[in-house]
Amino acid sequence: MNWFSLKRRSLFLSAGFILSALVALYTYKQLEMTTGEFFARYTLHRERAVLAYLDVSQHVFQAKGIDGLKPILDGAVENRIFDWYLIRHNNHPVFVKPEGIEKISDLQFEPNKPQITMRKSYQTVELIDGLTVTIGVNKNRYEYMKAIWEDQYKTIIQDAIVPVILALLVFMFFLKDILKLLGVIKTGSVAERLKSLEDISVRSQEALILKNSLRGYEVTLGKMEHERRLLSGQVLPSIRREILQNRKPPYEFNCTLVRMDINQFSNMFNQCDRDILLNQIHQYFERVTVIVSGYGGYVHEFVGDEVLFYFKDEEVKDSRNMALATVRDIFEMTSHFSDQFQKATKFPLIVKAACCHGTLRFGKLVDGFNLAGGILIETVRVLSQVHDKLENICVFSSLDPESVSPVAQMSKYGDYQLKGYSETISVWKVDQFHPHRHPQYWKSNKSLAYWLKQFEKEMSVDPSRALSVLNEIYQSPTYEIHSDSIQLLTKQIQTFSGMKNEFEQSALETLTSLLRVLPDNEELKQFLKDHVGQLLSTSSERVRANIIEVGAGILNAESLRKVMFHPSPRIRANALVLLARQQLSKEVIDQFHSLIHSIDPEYVASGLYALHETIVWYLEHNRVALEANVDMKQIYQYGISLRKSENISIARQARELGKVDFVRQKLAS
């Protein structure tokens, strides 16, 4: 029954539009036919009027002169008795109505001789010597139709326009619901869109069908996202990263692999409450993962009591030293975690680690992907030769000890004939880890506090050295943050917020840049809320841009709108990115248009940067809202068309934008 109801309504609307269009066309054709029938007689009548007014003009001029004649001729033109007149004296125009009616040079002004063509009819009479008047009519049929329209438009509106408007109002009544439903698609997460759909009440069957379809789509999308999150937990970061980096497997890369093992795990598993034991190991491996990720490594696998992770040579400065720095921090964390672990399991937490540098191959395996390489086996063999049970120990096979001197001091552990290897393998043991030397190898909270204190210490002695230390910290952000580091950092930011000289300005710029790469922290957010106004009012554009960039979730929409119209293109772009993440509103779209169509190259480049950042964010967090926005696609197409711009900055930003082609991505997916 609903289908028939829907069908009847659709037929009614279609019939209404068709009928309205036919009425309008019929009215126009009838008007055209009627005017064609009377057009000839009407034209003949007006040509006679020209002759009559020429005769009247001579008599009026003799009685009242030119001042008495002109009002009569003006009135005749306004009442469409004839279309135009021209008064000349000694071949020069004196009065013309209306202005610019004809090219005077095209007219023939021989007195008392009618000029009749297909387009016009006119005649000239001489009032006195040298003074003539010419009166004429246009014989253009469409001019006549225009005149009829002006006289009869009320009747035409009643016959044609009113039915069209009524049909349009009926259509808009039903379209309103559909527009509300389409508006839901453009904003919010899946849960928010579902809630918005439930809150919308619709009046038409069309809108109800669309609402139910959207609800089903959103429910399906939510289930898919939930399944993706569940399944992504089964794919460890290393495999996920290799799959998503768009390199065609199989391929190889050099890296340093670390295999870490918990001592006495078999005894623990057999003697402890397994739920308690596995919960403790879960907590421990979570902390290991945070440290590995903080140093730029990838966790490859958890196997019982073992964890494997690696550092790519192509991504870190020195994978051997980075691996040892990670092991050092894990050992320090293990020492702190051991008390909690021993209370729960009655066993101390002691680990051993084997490191090896070599080649891994990423490729297809059965119906999935996996890593393969000799170092996976070598670390197993090396770890089996380590029998120290009383303390955390790290060994490195086939190593030149000098290559890791920035991080650790090594000594020979032994030479071993490993199973499956034809040659003897030298294994080296870490005797001690060196104290702080290079920020890139010290990324814990304790280390951040140390380096900030070093900066403060150097500040009064050697400002250039202090700034160098600060820049090294910024290049090596920490993977964790704590109150002591926050207090030190915020104190230093406040100290330099006045920017008394060039050094202090550079220090403030780097300190605020550091905020952008630090982990989220409530204490840090509160500091920004309290001081964002002061920092945005500084004279350094880089400081203001850094504060806006880190202000996601802190600056509200009203604050962002104020900053969005700042003269600095960089500040405007950063504010626009944050505002766009809240909603792709008309205001945001207009700002994108304004920036990338600017005549100032800096504004264009900044607009392209903001567009790139916005699209990347939406592809990851809310792809539906992005793909539902036609305006964003049009802006994107214009943006990538600037890749051949003569301005280097514009061309570079446009090329970066072109790498994120969400139109192609949509088709591929």
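These numbers were taken from a predicted model, which means no experiment stands behind them.
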Report the distance from atom CG of Leu657 to atom CD of Glu613, rounding to the nearest 0.5 Å.
10.5 Å
For a 4.5 angstrom cut-off between non-hydrogen side-chain atoms, does Phe347 reach Asn263?
no
Test ring-ring contact (aromatic ring centres under 6.0 Å, His included) applied to Phe253 - qualifying residues, sequence neighbours left out
Tyr310
Can you list the steps and then say if Glu286 with His282 is a side-chain contact (heavy atoms from CB on, under 4.5 Å)?
CA-CA 6 Å; Glu286 272 190 334; His282 168 75; 3.3 Å; yes
If you look at every heavy atom in Ala507 and Phe455, which pair is closest and at what distance?
CB-CZ, 4.2 Å
Between the main-chain N or O of Lys443 and the side-chain N or O of Thr478, is there a donor-acceptor pair closer than 3.5 Å?
yes
Quick check: are there more than 12 heavy atoms from other residues, nucleotides or ligands sitting under 6.0 Å from CD of Glu423?
no
Using side-chain heavy atoms (C-beta onward) and a distance below 4.5 Å, is Ser335 in contact with Asn392?
yes
Between the CD1 atom in Ile650 and the CD atom in Glu602, the distance rounded to the nearest 0.5 Å is 10.0 Å
Hits for ring-ring contact (aromatic ring centres under 6.0 Å, His included) against Tyr450, two or more places apart or cross-chain, chain-then-number order -> His436
What residues form a ring-ring contact (aromatic ring centres under 6.0 Å, His included) with Phe331, not counting sequence neighbours?
none
Is it true that Thr424 and Asp415 share a donor-acceptor pair across their side chains at a distance under 3.5 Å?
no
Verify side-chain contact (heavy atoms from CB on, under 4.5 Å) between Leu626 and Thr614, making sure each step is shown before the conclusion.
CA-CA 9 Å; Leu626 177 66; Thr614 299; 5.9 Å; no
Considering non-hydrogen atoms only, spot the tightest contact between Leu277 and Phe341 and give its length.
CD1-CZ, 3.9 Å
Scan for salt bridge (charged side-chain N to carboxylate O under 4.0 Å, His left out) pairs involving residues 447-463, sequence neighbours excluded, and state none if there are none.
Glu456-Lys491
Tell me, with the steps shown, if Ser485 and Leu489 meet side-chain contact (heavy atoms from CB on, under 4.5 Å).
CA-CA 6 Å; Ser485 298; Leu489 178 61; over 6 Å; no
Going from NZ on Lys429 to CD1 on Ile393, what distance comes out if it is rounded to the nearest 0.5 angstrom?
4.5 Å
If I compare all heavy atoms of Leu514 with all of Leu448, which pair ends up nearest, and what's the gap?
CD2-CD1, 4.4 Å
Quick check: do Ile375 and Cys255 have side-chain heavy atoms less than 4.5 Å from each other?
yes
Do the side-chain N and O atoms of Arg381 and Ser397 include a donor-acceptor pair separated by under 3.5 angstrom?
no
Can you tell if the side chain of Val543 reaches within under 4.5 Å of the side chain of Gln505, non-hydrogen atoms only?
no
Looking at Thr334, is its backbone amide N or carbonyl O close enough to the side chain of Ser338 to form a donor-acceptor pair, meaning the two atoms are under 3.5 Å apart?
no
Going by heavy atoms in the side chains, are Met322 and Asp318 under 4.5 Å from each other?
no
What distance separates Arg287 CZ from Gln283 CD, expressed to the nearest 0.5 Å?
6.0 Å
Going by atom types alone, do Asp388 and Tyr413 pair a side-chain donor with an acceptor below 3.5 Å?
yes
Report all side-chain donor-acceptor pairs from residues 465-475 shorter than 3.5 Å, counting only partners two or more places apart or in another chain.
| from | atom 1 | to | atom 2 | distance (Å) |
| --- | --- | --- | --- | --- |
| Asn471 | OD1 | Thr510 | OG1 | 3.3 |
| Asn471 | ND2 | Leu467 | O | 3.1 |

Geometric class of the Phe496/Phe503 ring pair [parallel <30°, tilted 30-60°, perpendicular >60°]:
perpendicular
Can you check whether Asn574 reaches Tyr609 side chain to side chain, under 4.5 Å on heavy atoms?
yes
For the residue pair Arg437 and Ser405, what are the closest heavy atoms and their distance?
NH1-O, 3.4 Å
When rounded to the nearest 0.5 Å, the distance separating CZ of Phe309 from OG1 of Thr289 is 9.5 Å
In sequence, state the C-alpha distance, the side-chain angles, and the governing distance for Ser483 and Glu523, and then conclude on side-chain hydrogen bond (donor to acceptor under 3.5 Å, both in side chains).
CA-CA 8 Å; Ser483 291; Glu523 199 173 344; 2.9 Å; yes
Of all residues at least two apart in sequence or in a different chain, which pass the side chain to side chain contact (heavy atoms under 4.5 Å, CB included) check with Glu315?
Arg241, Tyr298, Lys312
Please determine whether the number of non-hydrogen atoms from other residues, nucleotides or ligands lying under 6.0 Å from atom CD of Gln340 exceeds 12.
yes
Within the side chain of Thr379, is there an N or O that forms a donor-acceptor pair under 3.5 Å with the backbone of Leu376?
yes
Those residues at least two apart in sequence (or on a different chain) that pass side chain to side chain contact (heavy atoms under 4.5 Å, CB included) with Gln440 are Lys317, His438, Ser476
Nearest heavy-atom neighbours spanning Pro601 and Asn647
CB-ND2, 3.3 Å
Taking only residues two or more places apart in sequence or in another chain, which ones pass ring-ring contact (aromatic ring centres under 6.0 Å, His included) with Phe337?
Tyr284
Atom of Ile262, atom of Asp305 and distance for their closest heavy-atom approach:
O-OD2, 2.9 Å
Residues Gln591 and Arg572: side-chain donor-acceptor under 3.5 angstrom:
yes
Which residues pass the side chain to side chain contact (heavy atoms under 4.5 Å, CB included) test with Gln432, not counting sequence neighbours?
Gln409, His434
Would you tabulate the side-chain donor-acceptor contacts of residues 350-360 under 3.5 Å, counting partners in other chains and residues two or more places apart, or write 'none'?
| from | atom 1 | to | atom 2 | distance (Å) |
| --- | --- | --- | --- | --- |
| Lys352 | NZ | Val386 | O | 3.3 |
| His357 | ND1 | Arg320 | NH2 | 3.2 |
| His357 | NE2 | Asp313 | OD1 | 3.3 |
| His357 | NE2 | Asp313 | OD2 | 2.8 |
| Thr359 | OG1 | Asn254 | OD1 | 2.8 |

Strictly by salt bridge (charged side-chain N to carboxylate O under 4.0 Å, His left out), give each pair with a member in residues 323-350 just once, sequence neighbours left out.
Glu332-Lys446
So Ile330 and Val258, side-chain contact (heavy atoms from CB on, under 4.5 Å) or not? Walk me through it.
CA-CA 12 Å; Ile330 291 174; Val258 180; over 6 Å; no
Rounded to the nearest 0.5 Å, how far apart are CD of Glu509 and CZ of Arg542?
5.0 Å
Close side-chain approach of Leu452 to Gln492, heavy-atom, < 4.5 Å
yes
Under 3.5 Å, side chain of Trp428 to main-chain N/O of Met410, donor-acceptor pair present?
no
For Ile596, the side chain to side chain contact (heavy atoms under 4.5 Å, CB included) test, sequence neighbours excluded, returns Leu608, Ile635, Tyr638
Report yes if the side chains of Pro401 and Lys412 come closer than 4.5 Å at any heavy-atom pair, otherwise no.
no
